[in-house]
Amino acid sequence: LVSSTTLISAYADKGLLEKAQEVFDSMPERNLVSWTALLVGYAQSGRLSEAATLFRTMPEHNEYSRTAMLTAYTHCGQLDKARQIFSSNPVDQTVCNAMMAALSLAGLVDQAKAVFDSMPELDLVSWNTLLAAYAQSGRFAEAKQLFDAMPDQDIVSWTALLTAYASVGNLREAERIFFGAMQCHDGISVAAMISLYAQSRDLEAAKRVFDRCERFSLQCSNSLLAVYAVNDRPEEAKLVFESMEEWDALSWTLMLSAYAHSGQLSRAEQLFSATPPLAAAASATAMVWAFSQTGHIVHAKQTFDTMDQRSQASWNVMLAGFGQAGQLSEARKLFHQMPCRDAGSWASLLAAYAQNGQPWRAIDVFYEMNASEAAAVAG
RNA sequence: GAAGUUGAUGAUUCCAA
């Protein structure tokens, strides 16, 4: 039982869900841990419907499975469902922390603070979550105040503080923290500093930090790849990509969009054909986007049709593609085919009508939304 | 001995640059 469950987790981590499912199916008996491990696997690959089905059919739940499902809904923009899990179960520290993160992701920082205030016990994750919520929403004063009030701080807290300084454009203070106050670093803290330099348009400094810290490779490389992709430097991106020792789905997406951004569509296609299964869904989405951007809506649709796992983002990208191409009836059709819709889907449909001289239909669409969807779009 | 929550990075709407 234990070793099969370990195997499920291992496959799930690598995005090999078919394998994980196979192991799960062949188990003579299962427990909550095995169910949850598989659920998390689907959730992390963005396969929400499969995760939800597992959650519904599993014989029992505990804090682990509830937290996992709550987070899965959050990452797919389904805050309502996350709230439902939260409010219909007994209070649990980790579930509260996850709910705070969910609210923060939806931009509802004050509601996250309300959860924080209601918690009987706070741990480091609770403090860090609220700190990050302030930092990400540009509420610097509150972030700093909370940081100083925390019983103790770890590298997560320090990195969040770094973001807080960045959000108010205080690069000097961020440097002082990164090179001075912080006593240790990991891939994410270095990646944060890289993108901070990139935001202040100092690509040289970004590269310098990267060169000094290559031992934290994957996260730092992705961060630098993103810098080059956005700044139209496909050659430098290629150098980074080829020097990497491991790649995740994001690395592939970044490299593809570096080519796409610079108009090198054939190079993008070439790379796309070499994409490993782990990155297949993300890469295909990037290609759909690249084709739509360059007016190749037919190719975009073809690529979309060959995908066997469609994330929420991929549906939205395709929808936006039809909008840009002026194919409104296709857009509307796709919108109704989508298994679920998040704020981005509604926004894309609205934009499609608005940009094609039919703003009144956009208004109709707007009134079709229910209140929570409208709130999400407004947010 | 196995599973969940927090920090950086990308693609989808609007705006800005």
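Below, read A as the first sequence line, B as the second, and so on, with proteins coming before strands; counting in each chain starts at 1.
Between the side chains of S189(A) and H185(A), a donor-acceptor pair is found at a separation under 3.5 Å. Side chain to side chain, E204(A) and Y197(A) fail the donor-acceptor criterion of an N or O pair below 3.5 Å.
Here the C1' atom of nucleotide U12(B) and the CD1 atom of I297(A) are 12 Å apart, to the nearest Å. We find that OH of Y259(A) is positioned 18 Å from P of A11(B), with the value rounded to whole Å. The nearest whole Å value for the distance from the CG atom in L256(A) to the C1' atom in A11(B) is 10 Å. Rounded to an integer number of Å, the gap from M193(A) CE to G7(B) C1' is 15 Å. Summarising the geometry, the separation between NE2 on H261(A) and C1' on G10(B) is reported as 9 Å, rounded to the nearest angstrom. G4(B) atom C1' lies 12 Å from atom CD1 of I85(A), rounded to whole Å. Rounded to whole angstrom, the span from the CZ atom of F178(A) across to the C1' atom of A8(B) amounts to 11 Å.
Side-chain proximity of A191(A) to the nucleotides U6(B), G4(B), A8(B) is greatest for A8(B). Of the candidates A3(B), G7(B), U5(B), A3(B) carries the atom nearest the Y64(A) side chain, counting heavy atoms from C-beta on. With distances taken from any side-chain atom of R201(A) to the nucleotides G7(B), U9(B), A17(B), the minimum falls on A17(B). The side chain of A313(A) lies closest to A11(B), out of A2(B), A11(B), G4(B). Side-chain proximity of A226(A) to the nucleotides U13(B), G4(B), G10(B) is greatest for G10(B). The side chain of T253(A) lies closest to G10(B) when the candidates are A2(B), G10(B), U13(B). The side chain of V33(A) approaches A2(B) more closely than any other nucleotide in the set U12(B), A2(B), G7(B). Each of G10(B), A8(B), G7(B) was ranked by its minimum atom distance to the side chain of L250(A); first place goes to G10(B). When each of G4(B), U5(B), A2(B) is scored by its nearest atom to the side-chain atoms of V2(A), the top-ranked nucleotide is A2(B). Proximity note for S189(A) (side chain, C-beta onward) versus G7(B), U13(B), U5(B): the nearest is G7(B).
Under a hydrophobic-cluster definition in which Ile, Leu, Val, Met, Phe, Trp and Tyr are linked whenever side-chain heavy atoms come within less than 4.5 Å, directly or via other members, Y42(A) and Y11(A) are assigned to the same cluster.
With sequence neighbours left out, the side-chain contact (heavy atoms from CB on, under 4.5 Å) criterion links H75(A) to T71(A), L105(A). For R176(A), the side chain to side chain donor-acceptor pair (under 3.5 Å) partners two or more places apart in sequence, or in a different chain, are E173(A). For D308(A), there are no side chain to side chain donor-acceptor pair (under 3.5 Å) partners, not counting sequence neighbours. For Q111(A), the side chain to side chain donor-acceptor pair (under 3.5 Å) partners at least two apart in sequence or on another chain are R83(A). For F272(A), there are no ring pair (Phe, Tyr, Trp, His ring centres under 6.0 Å) partners, not counting sequence neighbours. Take R56(A) and apply the salt bridge (charged side-chain N to carboxylate O under 4.0 Å, His left out) test, not counting sequence neighbours, and it matches no residue. By the side chain to side chain donor-acceptor pair (under 3.5 Å) test, E18(A) is found to be paired with R47(A), residues two or more places apart in sequence or in another chain being considered.
Scanning residues 278-287 of chain A for heavy-atom distances under 4.0 Å to RNA chain B yields T285(A). The stretch residues 124-145 of chain A comes close to RNA chain B through V125(A), N128(A), T129(A), A132(A), Q136(A), each having a heavy atom under 4.0 Å from the strand. Of the residues in residues 20-28 of chain A, none lies under 4.0 Å from RNA chain B by heavy-atom distance. Within a heavy-atom distance below 4.0 Å of RNA chain B, the residues of residues 149-166 of chain A found are I155(A), V156(A), T159(A), A160(A), T163(A).
The line from CG of L38(A) to CZ of R30(A) is 9.5 Å long, rounded to the nearest 0.5 Å.
Environment of CD in E245(A): sparse, with no more than 12 heavy atoms of neighbouring residues, nucleotides or ligands closer than 6.0 Å.
When all heavy atoms of N356(A) and A352(A) are compared, the closest pair comes out as ND2-O, 2.6 Å.
Backbone-only engagement by T6(A) is indicated by non-hydrogen atom pairs under 4.0 Å involving sugar-phosphate atoms exclusively.
A donor and an acceptor atom never sit less than 3.5 Å apart when one is taken from the side chain of N316(A) and the other from the base of A11(B). With hydrogens and angles ignored, a donor-acceptor pair closer than 3.5 Å exists between the side chain of N62(A) and the base of A3(B).
For the strand RNA chain B, secondary-structure stems (runs of at least three Watson-Crick or G-U pairs, all distances below 3.5 Å) are absent.
Remark: aromatic rings of W252(A) and F241(A) are close, center separation under 6.0 Å.
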Side chain to side chain donor-acceptor pair (under 3.5 Å) assessment of S157(A) paired with N128(A): CA-CA 6 Å; S157(A) 331; N128(A) 281 343; 2.7 Å; yes

